[in-house]
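This report concerns only the one structure given below.
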2 protein chains.
Amino acid sequence: MSTGRPTLADVAVAAGVSVSTASLAFSGAGPIAAATRDRVLAAAADLAYPGPNPLGQQLRTGRSGIVGAIFGDRLRRSFRDPVSIQMLDGLAQSLGAHDIGILLIPSEAGDVPPLVAHAAMDAAVVVLCNGPDDAVVAALARRGIPVVLVEGDLGAPTERDGPAGRVPASHPTARVGIDDRRGTEALVRTLRALGHERFGVVALPFGHDRRLGEPDPARDPRSGYLATRRRLAGIADAGVVPEIVIETPASLVEHGRSAGHEILSRPDPPTAIIALSDLLASGVVLAARELGLRVPEDVSIAGFDGLDLPWLAPDVLTTVRQPLAEKGRQAGEAAIALIAGVPFPPVILPVQYEQGTTTAAPRAASHSNG
Amino acid sequence: MSTGRPTLADVAVAAGVSVSTASLAFSGAGPIAAATRDRVLAAAADLAYPGPNPLGQQLRTGRSGIVGAIFGDRLRRSFRDPVSIQMLDGLAQSLGAHDIGILLIPSEAGDVPPLVAHAAMDAAVVVLCNGPDDAVVAALARRGIPVVLVEGDLGAPTERDGPAGRVPASHPTARVGIDDRRGTEALVRTLRALGHERFGVVALPFGHDRRLGEPDPARDPRSGYLATRRRLAGIADAGVVPEIVIETPASLVEHGRSAGHEILSRPDPPTAIIALSDLLASGVVLAARELGLRVPEDVSIAGFDGLDLPWLAPDVLTTVRQPLAEKGRQAGEAAIALIAGVPFPPVILPVQYEQGTTTAAPRAASHSNG
DNA sequence: CTGAAAGCGCTAACAT
DNA sequence: ATGTTAGCGCTTTCAG
């Protein structure tokens with residue numbers, strides 16, 4: 001041992017056994033006499049040996065015991081959103097049960113962070129991805145790291161080998177998502193049944209190029225975040241063409257508030273506003289209150305997610321609840337399966353419409369042209 | 001190469017150079033002819049070699065490139081608190097600049113998570129600690145992992161070798177905190193200058209045994225979270241003995257709301273309520289509104305942190321602002337210094353009183369006994 | 001049940 | 001500027 005921290009070899013010498021036996025004493029992965037084990041552990045305690053060095057184990061076993069969690073945004077923004085947090089909590093639960101750690105990788109606006117390219121991990125969970133040509137997913141695939149896509153997809157396998165051509169169809173991949181398209185559709189149908197005909201939409205970001213305002217008409221509708229696209233598709237499925245859509249740079253109360261002002265300050269605003277997240281919706285509620293509009297008498301407002309929003313009291317937001325922690329747990333299970341080389345079939349979790357106090361029948365007959 | 005993923009040795013063979021030269025081509029840590037390097041990189045591209053295996057690097061260099069971030073609470077709670085998030089964001093900034101990853105380690109109520117005992121990390125940032133006898137810190141010290149204490153301390157070196165005796169004074173340790181004691185004192189002095197004499201306090205958790213209600217009088221005042229203790233000390237420094245103190249299990253709006261109800265429903269409630277965090281304070285504001293009390297006319301409410309609370313509009317919370325991201329950045333710098341073997345002197349960041357709309361002079365003469 | 005030997009993939013002296 | 005050599009600390013066949 002001479003210098004530095006003691007190693008397994010030092011312990012073996014001190015205990016008068018071979019290194020392999022000492023290893024067994026710690027791992028329990030093989031037959032060993034109780035007396036021998038105790039002797040080894042005693043020697044370890046003597047030397048203040050803190051247990052097998054994980055670096056040695058990892059190289060030997062080829063496993064780091066780490067799963068990367070990659071968020072398509074910087075922490076400050078992602079993590080102010082309880083949606084990411086609850087998902088992460090579920091993820092920590094299922095991975096923690098297997099003693100697997102979570103390596104936090106914020107990824108600013110679609111770049112490929114060095115950690116994605118170089119950090120040791122056995123699998124990665126990518127929380128938002130930009131469709132078939134996501135550079136982060138491509139980088140992981142190149143490294144042979146299994147990928148779990150949460151709320152994302154890579155398109156049909158045939159597309160993947162196209163010009164982007166970066167994720168071979170054979171690469172271990174799993175998908176965990178929610179049925180947000182049909183959830184949004186159900187929500188909008190309920191609003192129509194109440195008599196609403198004129199809708200405004202406050203949307204989640206369309207893609208990594210985040211902005212606040214009406215969407216760029218020149219943008220490719222086939223690119224960008226799939227969650228946003230699916231929820232917009234759900235609105236269309238319900239037969240609604242919104243009078244106005246405001247894209248926001250992130251799911252945050254303040255952006256919902258700005259968008260709400262934008263929509264509700266218009267001469268003849270829509271009678272119902274659908275926000276694609278609860279945080280955005282609650283910002284719209286605040287904007288309405290600030291403009292002296294009563295909710296839901298003057299305007300109906302609905303969200304998506306099913307968060308607890310105690311500060312909206314006495315109002316309770318009408319929303320579509322998604323099982324956030326369960327989504328994270330499933331993502332963790334998917335990662336564990338892929339690491340073990342077992343395929344993990346796609347999971348689509350159900351969502352549920354929840355009536356609150358922020359939606360009601362529109363006040364009076366509305367007219368579609370001012 | 002035969003089977004499996006290619007290694008540096010395969011690349012070397014393909015490029016017709018030695019392994020060490022191939023290594024140099026990737027690391028750039030030594031002299032190499034441009035032509036040779038290009039040849040190596042070309043061979044690597046040919047073999048679809050994704051770059052040096054981090055596991056090999058790590059064993060060889062003895063560095064994992066990972067810093068553990070340990071929160072004294074489960075994710076669900078910690079991460080709903082923007083305070084933790086902004087700190088984490090700052091941490092990610094400074095560590096990210098050195099390509100160091102953050103391993104997320106939630107630690108339920110003071111236990112020692114397996115990851116703390118076994119995961120590879122070059123240093124650890126412990127966000128709340130329970131004073132001199134914190135088991136997590138002791139476990140890290142045993143492993144020889146440098147520790148950065150955020151908002152924590154281990155007491156005087158002499159104490160450390162006491163009965164707990166688990167963190168040798170020589171263990172590489174750094175401290176990053178804020179001047180919360182004096183910040184709270186300044187806040188309370190301002191309230192007193194306005195004429196307030198009767199105070200209620202909504203406190204952060206006292207320790208890992210979290211509860212809602214009046215603090216257990218039997219508890220040892222010398223144990224538990226130091227941030228809570230310091231802020232309470234600041235109140236005392238200002239010459240105030242609160243009429244009532246409510247301890248909360250976490251810094252969350254709903255707990256502030258419960259505590260607010262508890263205090264404000266009393267027969268003759270205090271004229272000023274000091275919450276030890278903004279989230280708690282905003283819950284108290286909600287409780288006041290629900291009880292039909294006007295803020296600040298009927299009751300003054302102040303917080304601590306300096307968060308953006310858009311949904312409190314039109315009110316702006318009176319608070320003491322702390323530099324959260326900077327705290328995280330400093331913690332990151334401290335970790336980097338300790339990893340390099342350089343001592344990092346303790347950092348106490350300044351805080352600043354910020355007047356909002358939730359505090360004012362008390363309504364009328366108050367009487368201290370009903 | 002225990003020991004000997006091999007090697008995971010890489011980097012860093014040192015020698016050329 | 002390149003090659004040779006020697007491990008980092010551990011687990012895991014395989015013999016005994």
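So that the names make sense, note that chain A is the first sequence line, chain B the second, and so on, each numbered from 1.
Using a 4.0 Å cut-off between charged nitrogen and carboxylate oxygen, A/Arg175 and A/Glu151 do not count as a salt-bridge pair.
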Exercise for review: For nucleotides 6-16 of chain D, just jot down a letter per nucleotide in 5' to 3' order: B, S or -, based on protein non-hydrogen atoms under 4.0 Å.
Suggested key: BBBBBBB----
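How far CD1 of B/Ile339 is from CZ of B/Phe344: 12.5 Å, rounded to the nearest 0.5 Å. One finds the CG atom of A/Leu88 at 6.5 Å from the CG atom of A/Leu104 (value rounded to the nearest 0.5 Å).
Test B/Val127, B/Val125, B/Val148 against B/Leu91 for side-chain contact (heavy atoms from CB on, under 4.5 Å) and you get one pass: B/Val125.
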Review point. For B/Leu140 and B/Val116, what are the C-alpha separation, side-chain angles and deciding distance, and is it a side chain to side chain contact (heavy atoms under 4.5 Å, CB included)?
Key: CA-CA 7 Å; B/Leu140 292 165; B/Val116 166; 3.9 Å; yes
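For DNA chain C, the contact window with chain B, defined by any atom under 4.0 Å from a protein heavy atom, covers C/dG9 to C/dA12 in 5' to 3' order.
Residues B/Ser23 and B/Ser20 have side chains that never bring a donor and an acceptor to within less than 3.5 angstrom of each other.
A heavy-atom distance below 4.5 Å is not found between the side chains of B/Ile100 and B/Asp122.
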